[in-house]
*Asks:* 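There's a structure below that I have some questions on.
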Amino acid sequence: MNIIEERNDVPSKKKILYTVNPTLKQYLLKYDREIKLPVVYADMLRFNLSTPLLDKNNQDTLWQTVYYDESEMKELYPGLKYIYALLHTSGRMEVMDHLSVSRIDYCTFGNSKPFRVRIINRLNDNYDHFYVKIADASRVYGLELEHILSPNRINYLTDDHTLIEEHIPGLPGDVFLNSYLNDSSFNQTRISKEFVKFNERCFVRLLGDMRSYNFVVDITPDIEGNQYRIRAIDFDQQSYESRLKLYLPHYFKENNNIVFMGMEHMNEKSMLQYQQEERSLISHRVKLAHYRLKEIFNVMSHDIIAPEEKVIALREELAKYHKMPKFKKMTTMGMLVKEHLHACLFLK
């Protein structure tokens, strides 16, 4: 496999895809993630026409709306409806009769080259989405760690080389940071607090490349203003990068607006408090999901999900950061994630 040499202080522009190995597949089968699907990624590629998808301002979204022959649609669309039912009703189609496939979009610039399927409720025109992607082991580990360690539950399914993901709702991070951040209706201190906690969640489990367009902001009205939660939507860079700062969202220039706002509204003492709060919550989740987390790390620790030179560079930084030479003996990203998590949370 040829690997292009890249600068080690910026996220990888093109990530290597790693297949789901048999051991990981067994883990996914145990937890009802791996299932035989009626439609796989290769089936989605049989479209015969595509047109650029424009947003409400007539700007190119970089997605293409794709179209299929009628014979293909008769085979494809019922299968996609069933996949949606698997995600939301354990496959019970009797409550899905009023749903139909409204549109399918294709994105060629993402690592996983995703298809986005739009499902519409014919009774009230309400719609939802899910994604069909190339299964990448790094992304699967990222989704699983998000499900276990974050405050968010994640619905996803795999079938060998196919990955199905539910849509994660929220305002796109880049839109929020560029257009809504200074709106008087938003509590800037609460937003800043949530970004500190999000920054901590990414760092502790080594989720990289959380630039503004790779997360969304979920806004929930509360009795006194709004509450905010920042949610990752891209898990390709789970423990893939070689530099420790690439796992800290506050280092990315795309996030500068919220970083500078946080510096105005919080002092160092408050930031340390929120960091410790988040680590305490993660520690609690680790204890609750102890056996499942142990199983996924047993698989991940023996899997190759990053080039060797990236593992070597990151383990040197982690050894220096934690002042723990034992990091230098670790040979996979999975080992580094497990030990880093334990070191951050002071777990044995």
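From a predicted model like this one, the values you see are computed outputs, not experimental measurements.
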*Asks:* Could you tell me whether Y141 and F235 have their ring centroids closer than 6.0 angstrom?
*Replies:*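 Judged by ring-centre distance (under 6.0 Å), Y141 and F235 do not meet the cut-off.
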*Asks:* Could you tell me whether the side chain of R285 and the main chain of L149 form a donor-acceptor pair under 3.5 Å?
*Replies:*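 Answer holds: yes.
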*Asks:* Do you know the tightest heavy-atom contact between I154 and L143?
*Replies:*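 So the two residues come closest at CG2-CD2, 3.7 Å.
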*Asks:* NE2 of H250: more than 12 outside heavy atoms within 6.0 angstrom?
*Replies:*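 Counting neighbours around NE2 of H250, more than 12 heavy atoms of other residues, nucleotides or ligands fall under 6.0 Å, so yes.
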*Asks:* Closest approach of L99 and N121, non-hydrogen atoms and distance?
*Replies:*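 It is CD2-CA, 3.6 Å.
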*Asks:* Between D69 and R46, is there a side-chain N and carboxylate O pair less than 4.0 Å apart?
*Replies:*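 Here D69 does not pair with R46 in a salt bridge, since their nearest N and O are not under 4.0 Å apart.
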*Asks:* Using the side-chain contact (heavy atoms from CB on, under 4.5 Å) rule, take Y31 and E295 through it: C-alpha gap first, then chi angles, then the decisive distance, then the call.
*Replies:* CA-CA 11 Å; Y31 289 100; E295 286 184 66; 2.7 Å; yes
*Asks:* So, Y84 and D128: side-chain donor and acceptor under 3.5 Å apart, yes or no?
*Replies:*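 There is such a pair (donor and acceptor under 3.5 Å, judged by atom type) between the side chains of Y84 and D128.
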*Asks:* Using a strict cut-off of less than 4.0 Å between a Lys/Arg side-chain nitrogen and an Asp/Glu carboxylate oxygen, indicate whether D218 and R231 qualify as a salt bridge.
*Replies:*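 Not counted as a salt bridge, because no side-chain N and carboxylate O are separated by less than 4.0 Å.
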*Asks:* Taking Y251 as the starting point, is it possible to reach M261 by hopping between hydrophobic residues whose side chains are less than 4.5 Å apart?
*Replies:*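 Result: yes, single cluster for both.
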*Asks:* Stepwise, does the salt bridge (charged side-chain N to carboxylate O under 4.0 Å, His left out) test hold for D174 with R211?
*Replies:* CA-CA 8 Å; D174 52 344; R211 289 174 284 187; over 6 Å; no
*Asks:* Can you name the closest pair of heavy atoms from L207 and D234 and give their distance?
*Replies:*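 Taking L207 first and D234 second, the nearest heavy atoms are CD1-O, 4.2 Å.
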*Asks:* Test of understanding: with salt bridge (charged side-chain N to carboxylate O under 4.0 Å, His left out), list the residues that count as partners of R103, not counting sequence neighbours.
*Replies:*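 If we apply the salt bridge (charged side-chain N to carboxylate O under 4.0 Å, His left out) test to R103, skipping adjacent residues, the hits are D105.
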*Asks:* Kindly determine whether Q227 and T220 satisfy side chain to side chain donor-acceptor pair (under 3.5 Å), including the steps that lead there.
*Replies:* CA-CA 5 Å; Q227 295 288 350; T220 305; over 6 Å; no
*Asks:* Just checking, any donor-acceptor pair under 3.5 angstrom between side chains of R205 and Q238?
*Replies:*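 Their side chains do contain a donor-acceptor pair, which is all the 3.5 Å distance test asks for.
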*Asks:* Quick check: are there more than 12 heavy atoms from other residues, nucleotides or ligands sitting under 6.0 Å from CE of M324?
*Replies:*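 Enclosed: over 12 neighbouring heavy atoms sit under 6.0 Å from CE of M324.
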*Asks:* Check for me whether K15 meets the cation-pi criterion with Y240, that is, NZ or CZ under 6.0 Å from the six-membered ring centre and within 45 degrees of the ring axis.
*Replies:*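 Positive - K15 is close enough to the ring of Y240 and near enough to its axis.
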*Asks:* Of the non-hydrogen atoms in S192 and G262, which two are nearest, and what is the gap between them?
*Replies:*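 Result for this residue pair: OG-CA, 3.4 Å.
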*Asks:* Report yes or no: is the cationic atom of R118 (NZ for Lys, CZ for Arg) closer than 6.0 Å to the six-membered ring centre of Y127, at no more than 45° off its axis?
*Replies:*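 Yes; both conditions hold, so R118 lies above the ring face of Y127.
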*Asks:* Using only atom types and a distance under 3.5 Å, with no angle test, would you say the side chain of S102 pairs donor to acceptor with the backbone of I120?
*Replies:*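 Answer holds: no.
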*Asks:* To the nearest 0.5 Å, tell me how far N187 CG sits from K193 NZ.
*Replies:*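 Going from the CG atom of N187 to the NZ atom of K193 covers 10.0 Å.
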*Asks:* Using 0.5 Å steps for rounding, measure from the CZ atom of R279 to the CD1 atom of I282.
*Replies:*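 Reported value, rounded in 0.5 Å steps: 8.0 Å.
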*Asks:* Under 6.0 Å between the ring centres of H322 and F327?
*Replies:*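 Ring centres of F327 and H322 closer than 6.0 Å.
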*Asks:* Name the one of I233, I168, N152 that satisfies side-chain contact (heavy atoms from CB on, under 4.5 Å) with E146?
*Replies:*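 Exactly one pass, corresponding to N152.
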*Asks:* Could you give the distance from CG (L17) to CD1 (I305), rounded to the nearest 0.5 Å?
*Replies:*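 It is 13.0 Å, given to the nearest 0.5 Å.
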*Asks:* Hey, is the main chain of N226 close enough, under 3.5 Å, to the side chain of R190 for a donor-acceptor pair?
*Replies:*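 Here the side-chain-to-backbone pair exists.
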*Asks:* Side chains of E34 and D160: closer than 4.5 Å at any heavy-atom pair?
*Replies:*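 Yes; the side chains approach each other to less than 4.5 Å.
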*Asks:* For Y156 and L28, what are the C-alpha separation, side-chain angles and deciding distance, and is it a side-chain contact (heavy atoms from CB on, under 4.5 Å)?
*Replies:* CA-CA 10 Å; Y156 73 92; L28 297 170; 3.6 Å; yes
*Asks:* Only one of F198, F252, Y228 forms a ring-ring contact (aromatic ring centres under 6.0 Å, His included) with F215, so which one is it?
*Replies:*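 Of the listed options, the one satisfying the test is F198.
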*Asks:* Please round to the nearest 0.5 Å and tell me the distance separating atom OG of S270 and atom CD of Q275.
*Replies:*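 These two atoms lie 11.0 Å from each other.
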*Asks:* Would Y68 end up clustered with I119 when hydrophobic side chains under 4.5 Å apart are linked, directly or stepwise?
*Replies:*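 Yes, it is one cluster - the side chains of Y68 and I119 are joined through contacts under 4.5 Å.
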*Asks:* Just wondering, do K338 and F297 contact through their side chains at under 4.5 Å, heavy atoms?
*Replies:*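 Side-chain contact under 4.5 Å: yes.
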*Asks:* With no hydrogens and no angle check, do the side chains of Y274 and E194 hold a donor and an acceptor under 3.5 Å apart?
*Replies:*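 No.
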*Asks:* Do Y27 and R292 have side-chain atoms, one donor and one acceptor, less than 3.5 Å apart?
*Replies:*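 Side chains of Y27 and R292: pair found under 3.5 Å.
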*Asks:* Would you please indicate if the ring centroids of F203 and H340 are separated by under 6.0 Å?
*Replies:*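 Ring centroids of F203 and H340 are less than 6.0 Å from each other.
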*Asks:* Mind checking whether L157 and L29 sit in one hydrophobic cluster, side chains of I, L, V, M, F, W, Y counted as touching below 4.5 Å?
*Replies:*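 Cluster IDs for L157 and L29 differ.
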*Asks:* Determine yes or no for a side-chain-to-main-chain donor-acceptor pair under 3.5 angstrom, with H302 supplying the side chain and N298 the backbone.
*Replies:*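 Yes.
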*Asks:* Return the CE to CD distance between M271 and E200, rounded to the nearest 0.5 Å.
*Replies:*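 Separation between the atoms: 9.5 Å.
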*Asks:* Is the backbone of P52 close enough, under 3.5 Å, to the side chain of D60 for a donor and an acceptor to pair up by distance?
*Replies:*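 Looks like no, no N/O pair under 3.5 Å.
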*Asks:* Students often mix this up, so state it plainly: with edges at 30° and 60°, are the rings of Y106 and F47 parallel, tilted or perpendicular?
*Replies:*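 Judged by the thresholds at 30° and 60°, the geometry between Y106 and F47 is tilted.
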*Asks:* Please report the closest heavy-atom contact between N257 and N178, naming both atoms and the distance.
*Replies:*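 N257 and N178 have their closest heavy atoms at ND2-OD1, 3.6 Å.
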*Asks:* Hydrophobic clusters here meaning ILVMFWY residues chained together by side-chain heavy-atom distances under 4.5 Å, can you tell me if Y67 and L76 are in one?
*Replies:*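 Different clusters: Y67 never reaches L76 through Ile, Leu, Val, Met, Phe, Trp or Tyr contacts under 4.5 Å.
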*Asks:* Given the rule that I, L, V, M, F, W and Y join up when any side-chain heavy atoms are under 4.5 Å apart, are V66 and L54 in one cluster?
*Replies:*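 Looking at the clustering, L54 is in a separate group from V66.
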*Asks:* Would a distance-only check, ignoring hydrogens and angles, find a side-chain to backbone donor-acceptor pair under 3.5 Å from D159 to T162?
*Replies:*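 Checked: no pair found.
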*Asks:* Could you walk me through whether M73 and E75 pass side-chain contact (heavy atoms from CB on, under 4.5 Å), step by step?
*Replies:* CA-CA 5 Å; M73 291 167 57; E75 180 181 341; over 6 Å; no
*Asks:* Can K310 and M333 be said to form a side-chain contact (heavy atoms from CB on, under 4.5 Å), step by step?
*Replies:* CA-CA 9 Å; K310 289 180 180 285; M333 283 295 190; 4.2 Å; yes
*Asks:* Using a 3.5 Å distance criterion without hydrogens, assess whether the side chain of Y41 forms a donor-acceptor pair with backbone atoms of K113.
*Replies:*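 Side chain of Y41 to backbone of K113: a pair is present.
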*Asks:* Going by distance alone, is a donor N or O of one side chain under 3.5 Å from an acceptor N or O of the other, for N21 and D303?
*Replies:*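 Note: N21 and D303 side chains meet the donor-acceptor criterion.
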*Asks:* Which distance, rounded to the nearest 0.5 Å, do you find between the CD of Q64 and the OG1 of T51?
*Replies:*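 Q64 CD to T51 OG1: 6.5 Å, rounded to 0.5 Å.
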*Asks:* I need the minimum non-hydrogen distance between L248 and N199, along with the two atoms involved.
*Replies:*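 Closest heavy-atom pair between L248 and N199: CD2-ND2, 3.3 Å.
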*Asks:* Spell out, as yes or no, whether a donor-acceptor pair under 3.5 Å connects the side chain of N57 to the backbone of Q59.
*Replies:*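 No; judged by distance alone, with no hydrogens or angles, the pair does not exist.
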*Asks:* Other than W63, what residues sit in its cluster of Ile, Leu, Val, Met, Phe, Trp and Tyr side chains whose heavy atoms are under 4.5 Å apart, directly or through others?
*Replies:*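 Members other than W63 - counting any ILVMFWY side chain reachable under 4.5 Å - are L53, Y131.
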*Asks:* Can you check side chain to side chain donor-acceptor pair (under 3.5 Å) on Y247 and Q237, steps first, answer last?
*Replies:* CA-CA 9 Å; Y247 299 103; Q237 306 286 343; over 6 Å; no
*Asks:* Would you mind checking if K245 and E317 are paired as a salt bridge, meaning a charged N to carboxylate O distance below 4.0 Å?
*Replies:*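 No, this pair does not count.
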*Asks:* Sub-3.5 Å donor-acceptor pair from the side chain of R153 to the main-chain atoms of S150, do we have one?
*Replies:*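 A pair under 3.5 Å: yes.
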